[in-house]
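Everything below concerns the one structure shown next.
Values reported hereafter were calculated over all heavy atoms of this structure, with side chains retained and with hydrogens, waters and symmetry mates removed. Counting convention: from 1, in listed order, for ligands and their atoms alike.
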Amino acid sequence: MRVLLIGPPGAGKGTQAARIAAHFDLARIATGDLLREEITADTQLGRAAKAYVDRGDLVPDDLVITITKARVVKANTKGGYILDGYPRTLAQAKAAHRWATARGVPFDLALWFEIGTEELLARLVGRARQEGRSDDTEETIRHRLQVFQAQTSPLVDYYRQRGILVRIQAVGPVDAIAERICGVLHWHRANALAAGADRPEWTLGSADG
Ligand code: ADP
């Protein structure tokens, strides 16, 4: 199974990705983590990426595509993967579409984590205090949310048009959100749905329960 997650910073993609990966025995490919590993190891790619990450800007597509593609190709040979933080631009989505169709292994589902801006800011400021990530100051957080709106949110329509978009209400207890997601993935796997443009968008869960 091949699943990707779309959502603003703080929507809980990382937490849910880890759970889904464990539950379905998928590789978890988190592009932000891959970039931070490169930065810590002070590689050429890490040095090129660092200033963008620290500012809360997206790292140029060619760098991100290079590191993510290698992992995706490897994970394809082993039962599938969950992509957390990729694609984040239309160019990245198109690149992923090319690798996938060339190998006959298209994405099964794109999970869109929907959540309000106020809730996000509160979560992110809390996380900044706990983790001390260099890109988690309030100013960069606001900037990253704007970057999401401008550059990543168009992917929602891109995957909706391909008939693989599932909307997840990403508010509420972590366990409840995980259950919704696992439910839809089990359902998808059981039905082995073929992608089709006429498939309606699905909505799972709701903020008011
Ligand atoms: P968050 O979801 O909280 O923004 P991530 O760990 O996913 O955290 O990403 C941290 C940073 O890494 C981003 O702000 C960006 O600079 C960079 N990054 C991660 N994924 C991508 C991507 N697909 N394209 C470009 N830059 C990326």
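The shortest N/O to N/O separation between Leu124 and ligand 1 does not fall below 3.5 Å. Here's the thing with Arg127: one of its N/O atoms is less than 3.5 angstrom from an N/O atom of ligand 1.
Under 4.0 Å from ligand 1, the heavy atoms of Val64 that appear belong solely to its side chain. With a 4.0 Å heavy-atom cut-off, ligand 1 is reached by no atom of Gln151.
The shortest non-hydrogen separation linking Thr66 to Asp62 is OG1-O, 2.7 Å.
With hydrophobic clusters built from ILVMFWY side chains whose heavy atoms lie under 4.5 angstrom apart, Leu83 does not share a cluster with Val105.
Considering only residues two or more places apart in sequence or on other chains, Arg47 meets the salt bridge (Lys or Arg N to Asp or Glu O under 4.0 Å) condition with Asp42. Contacts of Asp175 classified as salt bridge (Lys or Arg N to Asp or Glu O under 4.0 Å), with partners at least two apart in sequence or in another chain: Arg19.
Cation-pi geometry between Arg55 and Tyr52 is met: under 6.0 angstrom from the ring centre, within 45 degrees of the axis.
The ligand atoms of ligand 1 that sit less than 4.0 angstrom from a heavy atom of Lys13 are 2 (O).
Closest to atom 18 (N) of ligand 1 by heavy atom, among Asp57, Thr31, Leu35, is Leu35. Counting heavy atoms only, Arg88 comes closest to atom 19 (C) of ligand 1 of the residues Arg36, Arg88, Arg123, Gln92.
The closest side-chain heavy-atom distance from Tyr159 to Val166 is not below 4.5 Å.
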